[in-house]
2 protein chains.
Amino acid sequence: MKPSMVTIEPYGHFCSDCAVREFAVCSSLDPSELRQFEHLGRRVHFDGGKTVFSEEDITTSFYNLLKGVMRLYKLLPDGRRQIVGLALPGDFLGMNISGRHNFSADAIGGVTVCQFAKAPFGRFIEDRPHLLRRINELAIRELSQARDHMVLLGRRSADEKVAAFLLGWRERLVSLKEPSDRVPLPMSRRDIADYLGLTIETVSRTFTKLERHGAIEIIHGGISLLDPARVEALAAA
Amino acid sequence: MKPSMVTIEPYGHFCSDCAVREFAVCSSLDPSELRQFEHLGRRVHFDGGKTVFSEEDITTSFYNLLKGVMRLYKLLPDGRRQIVGLALPGDFLGMNISGRHNFSADAIGGVTVCQFAKAPFGRFIEDRPHLLRRINELAIRELSQARDHMVLLGRRSADEKVAAFLLGWRERLVSLKEPSDRVPLPMSRRDIADYLGLTIETVSRTFTKLERHGAIEIIHGGISLLDPARVEALAAA
DNA sequence: CGCGTTATTGACTGCATTCAAGCCTGGTGG
DNA sequence: CCACCAGGCTTGAATGCAGTCAATAACGCG
């Protein structure tokens, strides 16, 4: 049977075999807290392309990404899109102060999230400052990434953007202990373009240029980093 | 006597007359906590142009901006600069997870900050989750601003960038209860350009164009918004 | 096998940058 | 008080990088 687009597993009893337990928000919880925590979240699966939440939605849930990749983006009224982040397992989504998500989030390929209803999660945090501290850490880390990305968007050339993207993406995957020189790129050229503030044509041309120069090889579903040093030089640190 | 570039006031006894008490981090503290808090911070004044902290500095202090405007920026090795934020009174600076500031911060015009040594401040937070919660709120607000700015940098034209900047800046000043249609711009054209990912020439040309169209008037140290609706239309929401 | 989608490649355009003068303003010293 | 200078700002002309428009190629899917 073909899986439905959104599959919900029953509540509870899953933290023990959770792949992101060590580095997600839940890393701050001790074993007994973790048992209570299990009952707050449920695993939900989204097929590729599905929208998990939208920019103007009222926030009813937080999400802990367990598996897969998500694009976080904002749209201008005329349809121009800027991807403001690519989420990987361990990322925590949904915090805001306006009561609304201020960006949209789609699954890129299949995705599994741990979904928490806002109110009970809020109550759970209430008397667990170490969890709040952990959430704060993650927010500050994202803020730092956001600032780096602003530099890329505002001050780097197309070549530098693409090179920096490949290295940065590889780096993030490595920290999730994926292998190394073969860099999978599950997102489309359009996604890459919208992440880097470019057009698909420019991304495509730049990939081809890098390949012609022997820096990378374009393979199915990703690239192979043939000459990391050369790519680093192009990224202009 | 001409004031020295950095003036340090003695510790303590200043929260009571602090202009940002209501909306800065300290808004989360009750009166008795505030009295303790006073002894942690000291006011420091920086003249215009002075650097308060630099990108690669090890973090030894946090800062609560009391008065003035600061530019927060990152530099590329070849000197290109991207301003990643403009800080106004009430903003809290210095949080990071790497132990180093990951951006630099200069005073634009004279600035007064409330400076907290990292260790005692950390200890003070320890058993005051409401303060941590407040810091988290501010981080999330900044994250939201950062994402908006990414859209501007990656997907907006020069005209849209400048128009959106003027409106956004006015909005922030209004929320600090500055008047309205006269928008002071204490920062230089270079600062504006580096904030918007443009060159000074483009910023200057765009200002002139807006003025010729009757949307704004360029006045000394700022602009006057003659036709806000027109500027909003140009900003493309 | 054929269709629709995604990616690549090419030719041309145009927006923002670069290069280059000139202007205006504020501060300094005669 | 005014002349001069330095730095910031404005304006103009020319260039070039990335975007647009368009055609083709490759792929995934039924």
Side-chain angles (χ1 to χ4, degrees), chain A residues 2-3 5 47-49 71 76 78-82 106 108-110 152-166 184-213 216-223 234 236, chain B residues 2 47-49 71 76 78-82 106 108-109 152-165 184-213 216-223 234 236:
Chain A
K2 189 175 183 296
M5 291 194 295
D47 272 5
R71 57 173 170 253
L76 290 176
D78 63 2
R80 280 175 289 177
R81 184 178 70 161
Q82 176 65 46
D106 293 348
I108 295 180
L152 179 146
L153 290 171
R155 285 293 178 235
R156 289 169 118 106
S157 70
D159 288 1
E160 291 169 344
K161 284 177 176 182
V162 172
F165 165 68
L166 291 177
L185 297 174
M187 71 294 284
S188 69
R189 293 288 188 271
R190 172 153 299 285
D191 289 337
I192 297 174
D194 287 348
Y195 185 54
L196 301 179
L198 298 171
T199 59
I200 38 179
E201 293 94 329
T202 299
V203 171
S204 185
R205 274 187 251 275
T206 308
F207 272 33
T208 307
K209 200 201 307 188
L210 285 172
E211 189 172 45
R212 265 202 299 269
H213 289 39
I216 67 170
E217 186 186 2
I218 300 169
I219 56 181
H220 181 75
I223 60 106
L234 277 173
Chain B
K2 188 172 183 300
D47 272 6
R71 58 175 169 252
L76 290 176
D78 62 3
R80 281 176 288 177
R81 184 179 69 160
Q82 176 64 47
D106 293 348
I108 294 179
L152 179 145
L153 290 171
R155 285 295 178 231
R156 287 168 119 106
S157 70
D159 288 2
E160 292 170 342
K161 284 177 176 183
V162 171
F165 165 68
L185 298 174
M187 71 293 285
S188 69
R189 292 291 187 269
R190 171 152 301 285
D191 289 336
I192 297 173
D194 287 347
Y195 185 52
L196 301 179
L198 298 170
T199 58
I200 38 180
E201 292 95 328
T202 300
V203 171
S204 184
R205 274 187 252 274
T206 307
F207 272 33
T208 307
K209 200 201 308 190
L210 285 172
E211 188 172 45
R212 266 201 300 267
H213 288 37
I216 67 170
E217 187 186 3
I218 301 168
I219 56 182
H220 181 76
I223 60 106
L234 276 173

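These numbers come from the heavy atoms of this one structure, side chains and all, not from hydrogens, waters or symmetry mates.
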Rounding to a whole Å, what distance do you find between A/I223:CD1 and C/dA7:P? 15 Å
Distance check needed: C/dA16 P versus B/L198 CG, whole Å only. 8 Å
Using the side-chain heavy atoms of A/S204, tell me which of these nucleotides is nearest: C/dA7, C/dT17, C/dA11. C/dA7
Which nucleotide, D/dA18, D/dC9, D/dT11, lies nearest any side-chain atom of B/T208? D/dT11
B/D191 CG to D/dG7 P: how many Å, rounded? 17 Å
Contact under 4.0 Å: A/T199 side-chain N or O vs D/dA18 OP1/OP2: no
To the nearest Å, how far apart are A/E160 CD and D/dC17 P? 12 Å
Would you classify B/T202 as touching base, sugar-phosphate or nothing, given that sugar-phosphate means primed atoms plus P, OP1 and OP2, and contacts are heavy atoms under 4.0 Å? base
Phosphate OP1/OP2 of D/dG8 contacted by B/R190 side-chain N/O (<4.0 Å): no
Taking the side chain of B/R189 as heavy atoms from C-beta outward, which of D/dA18, D/dC9, C/dT17 is closest to it? D/dC9
Nearest-Å distance, CG (B/D159) to P (C/dG14)? 16 Å
Residue pair A/F165 / A/L185: nearest heavy atoms and the distance that separates them: CE2-CD2, 4.1 Å
Return the nearest nucleotide to the side chain of A/E201; candidates are D/dT10, C/dG10, C/dT17. C/dG10
Of all heavy-atom pairs between A/A193 and A/T199, which one has the smallest distance, and what is that distance? CB-C, 3.4 Å
Would you kindly give the CD1-to-P distance between B/I200 and D/dG12, to the nearest whole Å? 16 Å
Assuming nearest nucleotide by heavy-atom distance, tell me which of A/G197 and A/H220 is located more 5' along DNA chain D. A/G197
May I have the distance from B/R155 (atom CZ) to D/dA18 (atom P), rounded to whole angstrom? 13 Å
Nearest of D/dT20, D/dG19, D/dT10 to any side-chain atom of B/I218? D/dT10
Output the rounded distance in Å from CG (A/L153) to C1' (D/dA18). 15 Å
Under 6.0 Å from the CZ atom of A/R80, do we count more than 12 heavy atoms belonging to anything else shown? yes
